[in-house]
Asks: 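One structure, as structure tokens, below. Some questions next.
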Amino acid sequence: MQNQVSLRLKRRIFILMIGFIAGILMMGTRLGYVQIVEGQKLQTLAKEQQTRNRTIAPTRGNIYDRNLNVLAKSASVATIGVVHAQVEDPERVAKVLSEHLNMDYEEVYKKVTKVVAFVRIATKVDKQIADEIRALDLPGVKVDEDSKRYYPFNTLASQTLGFVGKDNQGIIGLEVKYDSYLKGTPGKILMETNGKGQRREEEVEVRIDPINGNHLVTTLDLTLQEYAEQAIEKAVEMKGAKRGAIIMMNPQNGEIYALATKPDFNLNDPFTINDEALANSWELYSSTEKQNYLNQMWRNFTINDTYEPGSTFKIFTSAMGLEEGVVDENSQFNCSGSRTVAGRTIKCWRSPRSHGAETFVQGVQNSCNPVFMEVAERIGASKFYDYMIKFGFKSKTNIDLPGEAVGILHNKNNIGPVELATMSFGQSFQITPMQLLSAGAAAVNGGYKVTPHFGKEIIDDAGNVITTFEYDKGEQIISTETSERLKKILESVVSEGGGKKAYIPGYRIGGKTATSQKLPRGSGKYTASFLAFAPAEDPVLMALVIIDEPQGTYYGGTIAGPVMKEILANALPYLGVEPDYSEEELQKEEVQKIEVPDFRGLTLTEAKKRAQEVGIAVDVQGEGKTITSQFPLAGETVNKTTKIILYTQ
């Protein structure tokens with residue numbers, strides 16, 4: 001009996017020991033799991049429970065033009081927020097904030113009483129208002145520094161510069177392309193709290209300062225950009241056109257001096273539609289429709305859209321023919337007003353009239369379609385297509401803007417005689433204006449591909465260069481000899497041919513006009529354009545003018561030519577290109593020289609009267625009442641046709 005009791009006791013002790021050991025093992029396993037597997041997570045949760053963090057926005061870097069004129073900058077503003085657990089009088093807080101911020105009381109009260117750690121009441125608050133709220137020292141109300149993007153010139157280069165969203169991150173244009181350099185790193189304000197979420201009085205707030213963004217220096221030139229903006233705005237308005245653009249670039253290295261598109265929009269108010277008809281019925285559209293309209297307004301059609309280039313493409317057909325040796329300057333052609341290709345009659349633009357007998361150079365001057373059809377036929381479809389690929393018409397230019405499109409070309413195997421003929425004079429395929437400009441640069445800079453670009457360098461607050469963007473010359477498409485011959489031919493187009501309206505005494509300018517009929521054929525819609533470069537012997541500037549769907553007269557030489565003349569007449573002297581007059585030019589009244597008067601300090605009325613007295617045109621920039629600066633500077637000698645820009649602020 002005693003043995004049985006002893007045995008049962010031992011069994012119970014053994015079971016208790018097993019249970020105890022199992023419990024220890026389970027506790028150890030759980031402790032290990034908590035410490036090792038969930039340790040970091042629980043530590044983070046504990047930190048969140050015991051602290052309240054607020055973000056400090058960094059100041060976004062500036063965007064400058066090549067001369068360090070500010071194109072985009074950030075101004076100091078504030079973010080107003082509330083720590084719920086620290087608010088002592090919700091009604092008073094809501095009343096004060098709603099009055100100072102001009103917000104609805106009920107909306108503010110709902111935010112103030114929301115049971116969350118921290119809620120933002122308003123962002124981008126003017127510094128003066130923020131200081132007034134801070135001075136009231138309301139428990140639970142936090143006033144933190146923030147920044148707001150500001151564009152001093154409103155609409156200038158709007159599709160190029162782009163803008164930022166509420167979080168100060170880039171949305172379109174250079175703002176988004178170079179966002180990683182501009183945005184900086186946010187800071188924090190750390191505050192320890194007790195179990196109720198209230199600040200622990202014995203602990204001070206810990207501030208981790210933000211790291212401000214660096215600055216982008218672009219290749220844009222404010223003065224040239226303003227010239228381009230004025231010229232294309234006037235052209236679009238006068239011709240009742242759908243839209244227009246001017247691009248100015250250095251063909252030697254791809255640096256873009258100006259890119260102006262119209263219509264544009266106000267960078268300081270980018271979510272307000274610029275179409276009056278749409279604006280009047282804006283609230284009737286769905287959010288999706290509104291966004292689509294805004295996207296269209298922000299769209300930079302010079303890189304995002306394709307079009308048939310028309311006769312400007314004859315530059316490249318000419319380059320191919322010269323390079324392949326199937327044509328030279330004195331090659332003879334005959335234009336009968338049309339050419340029959342594979343049983344199809346394709347007309348010259350001059351039809352029913354004809355150009356008759358002409359040399360190749362005269363064919364380029366006359367922009368004669370039959371000449372280019374024959375040149376393309378001699379080259380052959382395969383080589384012609386290969387050259388199009390080399391010139392970059394089926395690839396991106398790699399410009400430093402988002403959303404670039406590529407050309408739409410025929411499949412090489414589907415290019416028959418008719419397709420080749422129409423391609424020779426710029427029809428039946430589509431490219432972007434920027435592709436045309438990039439290829440045009442290669443045609444006149446010795447044959448080398450360049451990368452169009454805006455980014456020059458990144459600098460810090462002290463002006464130290466942090467990053468320099470390098471853009472090496474690409475492959476050589478045509479020989480230097482071919483490029484030199486082509487420049488002379490294209491110079492004759494401006495001096496003797498269809499580009500005469502861009503002729504400027506004292507300057508050797510080369511170029512090619514185009515009048516492209518838009519699809520569908522017979523719609524009566526055209527795109528007029530002009531691609532030009534100067535000085536012809538050693539180009540430092542290449543410009544493209546596009547006027548889309550002009551009303552009335554639509555020929556490129558007629559309506560784009562004068563625009564090109566205006567921008568080159570102002571841009572070339574600005575770039576330091578001195579005129580070199582022939583004896584014949586010197587005898588003409590249109591090259592009369594004038595010494596620029598000093599307009600500084602004059603009122604607008606006095607300045608305009610003075611300009612009228614000396615017979616020179618002026619353009620006033622700014623909204624002030626007194627002239628503060630001018631370009632060209634006083635005392636400089638310029639053509640009497642040069643427009644003087646007067647600045648009032």
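Quantities reported herein were computed from a predicted structural model and do not represent experimental measurements. Computation of the quantities below employed the complete heavy-atom set of this structure, encompassing side-chain atoms and omitting hydrogens, waters and symmetry-equivalent molecules.
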Asks: Determine the minimum heavy-atom distance between M564 and A543, stating which atoms define it.
Replies: CE-O, 3.3 Å
Asks: Identify the two heavy atoms, one from S428 and one from M423, that lie closest to each other, and give their separation to 0.1 Å.
Replies: OG-CG, 3.5 Å
Asks: Using a 6.0 Å cut-off, check whether atom NZ of K239 has over 12 heavy atoms from anything other than its own residue.
Replies: yes
Asks: If only side-chain N and O atoms count, and only distance matters, is there a donor-acceptor pair under 3.5 Å linking D221 with N67?
Replies: yes
Asks: Can a side-chain donor-acceptor contact be found between T219 and H453 if the only test is distance below 3.5 angstrom?
Replies: no
Asks: Which side-chain N or O atoms in residues 159-170 pair as donor and acceptor under 3.5 Å with protein atoms at least two apart or in another chain?
Replies:
{"residue": "Q159", "atom": "OE1", "partner": "T261", "partner atom": "OG1", "Å": "2.6"}
{"residue": "Q159", "atom": "NE2", "partner": "P263", "partner atom": "O", "Å": "3.2"}
{"residue": "Q159", "atom": "NE2", "partner": "M297", "partner atom": "O", "Å": "3.2"}
{"residue": "D167", "atom": "OD1", "partner": "Q169", "partner atom": "N", "Å": "3.1"}
{"residue": "N168", "atom": "OD1", "partner": "K124", "partner atom": "NZ", "Å": "3.2"}
{"residue": "N168", "atom": "ND2", "partner": "S147", "partner atom": "O", "Å": "3.0"}
{"residue": "N168", "atom": "ND2", "partner": "S147", "partner atom": "OG", "Å": "3.2"}

Asks: Mind checking side-chain hydrogen bond (donor to acceptor under 3.5 Å, both in side chains) for D461 and listing every partner two or more places apart, or none if nothing turns up?
Replies: H215
Asks: Any side-chain donor-acceptor pair under 3.5 Å between Y257 and N250?
Replies: yes
Asks: Is the number of heavy atoms from other residues, nucleotides or ligands under 6.0 Å of K501 NZ greater than 12?
Replies: no
Asks: Has R299 got a side-chain atom pairing as donor or acceptor with D305's backbone, closer than 3.5 angstrom?
Replies: no
Asks: Mind checking side-chain hydrogen bond (donor to acceptor under 3.5 Å, both in side chains) for E566 and listing every partner two or more places apart, or none if nothing turns up?
Replies: K234, K643
Asks: Any non-hydrogen side-chain atom of F391 less than 4.5 Å from a side-chain atom of I478?
Replies: yes
Asks: Ignoring hydrogens and geometry, is there a side-chain-to-backbone donor-acceptor pair from N214 to I458 under 3.5 Å?
Replies: no
Asks: If you count every heavy atom of other residues, nucleotides or ligands that lies below 6.0 Å from K608 atom NZ, does the total exceed 12?
Replies: no
Asks: By side chain to side chain contact (heavy atoms under 4.5 Å, CB included), which residues pair with D548, not counting sequence neighbours?
Replies: K242, R243, K518, T527
Asks: Taking the side chain from E145 and the backbone from S76, do they hold a donor-acceptor pair closer than 3.5 Å?
Replies: no
Asks: Would you say T79's side chain and T123's backbone share a donor-acceptor pair under 3.5 angstrom?
Replies: no
Asks: Around atom CD of Q128, are there more than 12 heavy atoms of other residues, nucleotides or ligands at under 6.0 Å?
Replies: no
Asks: Between T317 and F425, is the side-chain contact (heavy atoms from CB on, under 4.5 Å) condition met? List the steps.
Replies: CA-CA 8 Å; T317 302; F425 53 84; over 6 Å; no
Asks: Look at atom OH of Y555 and say whether more than 12 heavy atoms of other residues, nucleotides or ligands are closer to it than 6.0 Å.
Replies: no
Asks: I want to check something: taking the side chain as every heavy atom from C-beta on, are Y307 and Q430 in contact at a cut-off of under 4.5 Å?
Replies: no
Asks: Would you compute the distance between atom OG1 of T59 and atom CD1 of I211 and round it to the nearest 0.5 angstrom?
Replies: 12.5 Å
Asks: If you define the side chain from C-beta out and look only at heavy atoms, does anything of V176 sit under 4.5 Å from I171?
Replies: no
Asks: Can you check whether I645 reaches Y227 side chain to side chain, under 4.5 Å on heavy atoms?
Replies: yes
Asks: Using the rule given for side-chain contact (heavy atoms from CB on, under 4.5 Å), can you reason through D264 versus N274, listing the C-alpha separation, both sets of side-chain angles and the distance that settles it, and then say yes or no?
Replies: CA-CA 8 Å; D264 49 21; N274 60 6; 5.7 Å; no
Asks: Looking only at heavy atoms, what is the nearest atom pair of A231 and V563, with distance?
Replies: CB-CG1, 4.2 Å
Asks: Please report the interatomic distance CG(L604) to OG1(T648), rounded to the nearest 0.5 Å.
Replies: 6.0 Å
Asks: Any donor-acceptor pair under 3.5 Å linking the side chain of E229 with the backbone of A157?
Replies: yes
Asks: Considering non-hydrogen atoms only, spot the tightest contact between N445 and A442 and give its length.
Replies: OD1-O, 3.3 Å
Asks: When rounded to the nearest 0.5 angstrom, what distance separates OG in S74 from CG in N212?
Replies: 9.0 Å
Asks: Between S367 and S311, does any side-chain donor sit less than 3.5 Å from a side-chain acceptor?
Replies: yes
Asks: To the nearest 0.5 Å, how far apart are OG1 in T312 and CD1 in I431?
Replies: 6.5 Å
Asks: Let me see the working for I477 and K449 under side-chain contact (heavy atoms from CB on, under 4.5 Å), right down to the final yes or no.
Replies: CA-CA 7 Å; I477 305 166; K449 290 186 71 173; 3.1 Å; yes
Asks: Is there a side-chain contact between I256 and M434 (heavy atoms, below 4.5 Å)?
Replies: yes
Asks: So does E237 have more than 12 non-hydrogen atoms from other groups sitting under 6.0 Å from CD?
Replies: no
Asks: Give every donor-acceptor pair under 3.5 Å between a side-chain atom in residues 397-405 and any protein atom, sequence neighbours left out.
Replies:
{"residue": "T397", "atom": "OG1", "partner": "I399", "partner atom": "N", "Å": "3.2"}
{"residue": "T397", "atom": "OG1", "partner": "E404", "partner atom": "OE2", "Å": "2.6"}
{"residue": "D400", "atom": "OD1", "partner": "F454", "partner atom": "N", "Å": "2.9"}
{"residue": "D400", "atom": "OD2", "partner": "Y178", "partner atom": "OH", "Å": "2.4"}
{"residue": "D400", "atom": "OD2", "partner": "F454", "partner atom": "N", "Å": "3.2"}
{"residue": "D400", "atom": "OD2", "partner": "G455", "partner atom": "N", "Å": "2.7"}
{"residue": "E404", "atom": "OE1", "partner": "T397", "partner atom": "N", "Å": "3.4"}
{"residue": "E404", "atom": "OE1", "partner": "N398", "partner atom": "N", "Å": "3.2"}
{"residue": "E404", "atom": "OE2", "partner": "T397", "partner atom": "N", "Å": "2.8"}

Asks: For the residue pair Y293 and W282, does the interplanar ring angle fall in the parallel (under 30°), tilted (30 to 60°) or perpendicular (over 60°) class?
Replies: tilted
Asks: Take L71 and Q225 through the test side-chain contact (heavy atoms from CB on, under 4.5 Å) and record every step on the way to the result.
Replies: CA-CA 11 Å; L71 303 178; Q225 181 70 32; over 6 Å; no
Asks: Does E283 pair with K290 as a salt bridge, N-O distance under 4.0 Å?
Replies: yes
Asks: Where is the tightest heavy-atom contact between P433 and T302, given as atom of each residue plus distance?
Replies: CD-O, 3.4 Å
Asks: Drop me the distance from L544's CG to I546's CD1, to the nearest 0.5 angstrom.
Replies: 4.0 Å
Asks: Might you point out which heavy atoms bring S483 and G446 nearest each other, and give the distance in Å?
Replies: OG-N, 3.1 Å
Asks: Donor-acceptor pair, D146 side chain versus A57 backbone, under 3.5 Å?
Replies: no
Asks: Only pairs at least two apart or in different chains count here, so list each ring-ring contact (aromatic ring centres under 6.0 Å, His included) that has a residue in residues 507-533.
Replies: Y526-Y554
Asks: Answer yes or no: is there a side-chain heavy-atom contact under 4.5 Å between T306 and T432?
Replies: yes
Asks: Give a yes or no on this: more than 12 heavy atoms of other residues, nucleotides or ligands lie within 6.0 Å of atom CG of N102.
Replies: no
Asks: Does any part of the side chain of I63, heavy atoms only, come nearer than 4.5 Å to the side chain of R149, both counted from C-beta?
Replies: yes
Asks: Does N266 reach the side chain of S158, with side-chain heavy atoms less than 4.5 Å apart?
Replies: no
Asks: Nearest 0.5 Å please: distance from the CG atom of L531 over to the CD1 atom of I315.
Replies: 4.5 Å
